[in-house]
Amino acid sequence: MNLANVSFMILSTILVLFMTPGLAFFYGGLVSKRNVVNTMLSVYVLTGVAILLWVIVGYSMSFEGNIAGFVGNIKHLFMAGVNMTKLTSTQIPTGLYAIFQMMFAVITPALFVGAVVGRIRFRFLLVFVCLWSILIYYPMVHMVWSPNGILAKIGTVDFAGGTVVHINAGITAFVLSAFLGKRIHYGDKPHTHYNLPWVLLGTAILWIGWYGFNAGSALGVNNVAVQATITTTVATATAMVAWMLLDMFTKNGKPTLVGVCTGTLCGLVGITPAAGYVTIVGAFFIGLAGTLASYFFVNVLKDWIGVDDALDAFGCHGVSGIVGSILTGLFATKSVNPSLSGNGLFYGGGWHMFLIQLTATLGTIIFVAIMGSIIIKVMQLFMPMRVDRREEELGLDMGEHGEEADYAVEFSDDMDRYRSDMNQYSAEFQGQTGKLGKK
């Protein structure tokens, strides 16, 4: 094995795992206090669920065997019979590659949780994620990233998950939201209940983790990994600033922390399919285009369509993912990544790659939308999808889990009634205060 590549991939794997608790903070900071526990638990618990599913059946269905170019087999349950020490083309063990891909299987379903917070039953969500992973996610991995996959064979370019992760999660978020219906208080903006420090913390963790996501997809220490790091940084910065400027010169004329964090996320999403294939200029325009498209959808089209995607999982991951996937066909170039079979449209490659990217993007949207709808309709025959009105008003923290998040210390306006730890537990501090008093 190549020790440098192995070390790099272990670090990248840890960074991708780190993204899931980061997403929990990001989403948890955007919901009302009544649904913080439910939202963060719904995201974080998928770490355990997705890991178990991946080792039981996910890896085999994704990368072992081939059924009509759509999915692998189920011959290697619990990865039995898989040669974990066999080296890949970048001289890392197959077992390490499997663990790296495992973390993608963790973060992807966590992304669409943001669309349905505050109104979906926790048990329904758990069962849905299991069926979705088996019937949608693993087939998507096989179709795009397995050499035998139908989308891989037509030449689809997806460096780190534009189709497999973001369009997949975005469309799933849209479908779930459509079936669930609008929240009781749809349209209310509970800004007073936001925990903005959590939103920023989650965004920062996601950006840091995304280097494992994108640069790690080079599968080794090489020039492509370096380029993916640069393009990820430039696209994200571009998208962040663009969203802030849009807020300043439209809407209420003020820059917002939520807007800056949302723009950051759109840039990360948009560059994902192109990170290891495009130049810095390409990254700039992909980041800009992703933010413009997502901003327009979130602030204009969303209300017109009327689908209540609570935290804009589709508006960010779906829309920016679609933009990034298609624009890869314009900006990809062999000068950045010689493994490409040709150049994108803007680099003299003609329309070939662009049309392939368009086909793969549309194919992903159709496949995920149809399969997601089927899964939901079948599940609704056996279990309720949405909590009742009373529980939604109460909040899912107490209704589903019997817990509350005490994430903000509320100080009394009446300073006479305010009691600090020093006052309440004076005996414990007496030695220190006594010494201070003598000095």
Side-chain angles (χ1 to χ4, degrees), residues 13 16 46 49-84 86 88-90 92-112 128-172 213 216-219 272-273 276 321 325 328 339 341 356-357 359-372 374-375:
T13 300
V16 180
L46 298 185
V49 172
I51 287 173
L52 291 176
L53 282 172
W54 181 255
V55 297
I56 293 170
V57 73
Y59 178 81
S60 185
M61 291 183 65
S62 298
F63 295 110
E64 294 292 328
N66 178 53
I67 301 176
F70 285 97
V71 71
N73 59 42
I74 55 173
K75 294 181 179 179
H76 300 278
L77 299 180
F78 284 97
M79 299 181 71
V82 176
N83 186 352
M84 303 287 279
K86 180 181 178 182
T88 67
S89 60
T90 55
I92 65 171
T94 297
L96 179 55
Y97 177 70
I99 298 170
F100 179 65
Q101 284 288 343
M102 174 195 291
M103 299 311 164
F104 282 64
V106 170
I107 188 68
T108 306
L111 297 176
F112 60 69
F128 176 82
V129 167
C130 294
L131 295 177
W132 174 89
S133 297
I134 293 169
L135 299 176
I136 297 179
Y137 182 75
Y138 305 148
M140 280 300 310
V141 173
H142 185 83
M143 284 189 275
V144 176
W145 286 334
S146 168
N148 299 316
I150 188 170
L151 293 179
K153 285 187 174 181
I154 68 171
T156 300
V157 175
D158 187 352
F159 188 73
T163 52
V164 177
V165 176
H166 296 295
I167 299 176
N168 186 357
I171 296 300
T172 302
F213 202 83
S217 292
L219 303 180
T272 293
S325 180
T328 302
S339 69
S341 60
I356 288 174
Q357 290 302 108
T359 300
T361 301
L362 291 175
T364 300
I365 293 170
I366 293 169
F367 172 73
V368 175
I370 292 175
M371 288 301 298
I374 292 173
I375 293 171

>> Would N168 and F112 count as a side-chain contact (heavy atoms from CB on, under 4.5 Å) here? Give the steps.
In response: CA-CA 9 Å; N168 186 357; F112 60 69; over 6 Å; no

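- Proximity of a side-chain donor or acceptor of T94 to a complementary backbone N or O of K86 within less than 3.5 Å is detected.
- Atom CD1 of I51 sits in a crowded spot, with more than 12 heavy atoms from other residues, nucleotides or ligands closer than 6.0 Å.
- Side-chain contact between T163 and L151: absent, with no pair of heavy atoms (C-beta onward) separated by less than 4.5 Å.
- For the pair T364/I171, no side-chain contact is recorded, criterion being any heavy-atom separation below 4.5 Å from C-beta on.
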>> With side-chain contact (heavy atoms from CB on, under 4.5 Å) as the criterion, how do T13 and M102 come out once you've worked through the C-alpha distance, each side chain's angles and the decisive distance to 0.1 Å?
In response: CA-CA 9 Å; T13 300; M102 174 195 291; over 6 Å; no

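- The shortest distance between side-chain heavy atoms of V164 and D158 falls below 4.5 Å.
- Side chains of K75 and E64 form no contact here, defined as non-hydrogen atoms less than 4.5 Å apart.
- Distance check, rounded to the nearest 0.5 Å: CE of M61 to CD1 of I67 gives 8.0 Å.
- In this structure, the side chains of H142 and N66 come closer than 4.5 Å at one or more pairs of heavy atoms.
- Between I375 and L135, some side-chain heavy-atom pair lies under the 4.5 Å cut-off.
- Going from atom CH2 of W145 over to atom OG of S217 covers 6.0 Å, rounded to the nearest 0.5 Å.
- The closest side-chain heavy-atom distance from V82 to F63 is not below 4.5 Å.
- Atom CG in L46 sits 8.0 Å away from atom OG in S133 (nearest 0.5 Å).
- Considering CD1 of I167 and CG of L362, their distance stands at 9.0 Å, rounded to 0.5 Å.
- The shortest non-hydrogen separation linking P109 to A105 is CD-O, 3.1 Å.
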> side-chain contact (heavy atoms from CB on, under 4.5 Å) between T172 and F128: does it pass, once the steps are laid out?
Replying inline: CA-CA 11 Å; T172 302; F128 176 82; 3.7 Å; yes

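- Here the closest non-hydrogen pair linking T108 and A169 is O-CB, 3.6 Å.
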>> The test is side-chain contact (heavy atoms from CB on, under 4.5 Å); show your working for F213 and I107 and say whether it passes.
In response: CA-CA 10 Å; F213 202 83; I107 188 68; 3.9 Å; yes

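- Note on ring orientation: taking the six-membered ring where Trp is involved, the planes of W54 and Y59 are perpendicular (angle over 60°, cut-offs 30° and 60°).
- Expressed to the nearest 0.5 Å, how far CE of M371 lies from CE of M140 amounts to 12.0 Å.
- The nearest pair of heavy atoms linking P93 to M84 is CB-O, 3.5 Å.
- Annotation: side chain of I136 is in contact with side chain of F367 (closest heavy-atom distance under 4.5 Å).
- I365 CD1 to S325 OG: the interatomic distance, rounded to the nearest 0.5 Å, is 8.5 Å.
- A donor-acceptor contact closer than 3.5 angstrom links the side chains of S60 and N73.
- Nearest approach of L96 to I92, heavy atoms of both residues: CD2-CB, 4.3 Å.
- Here the shortest heavy-atom pairing between K153 and N148 reads CE-O, 3.7 Å.
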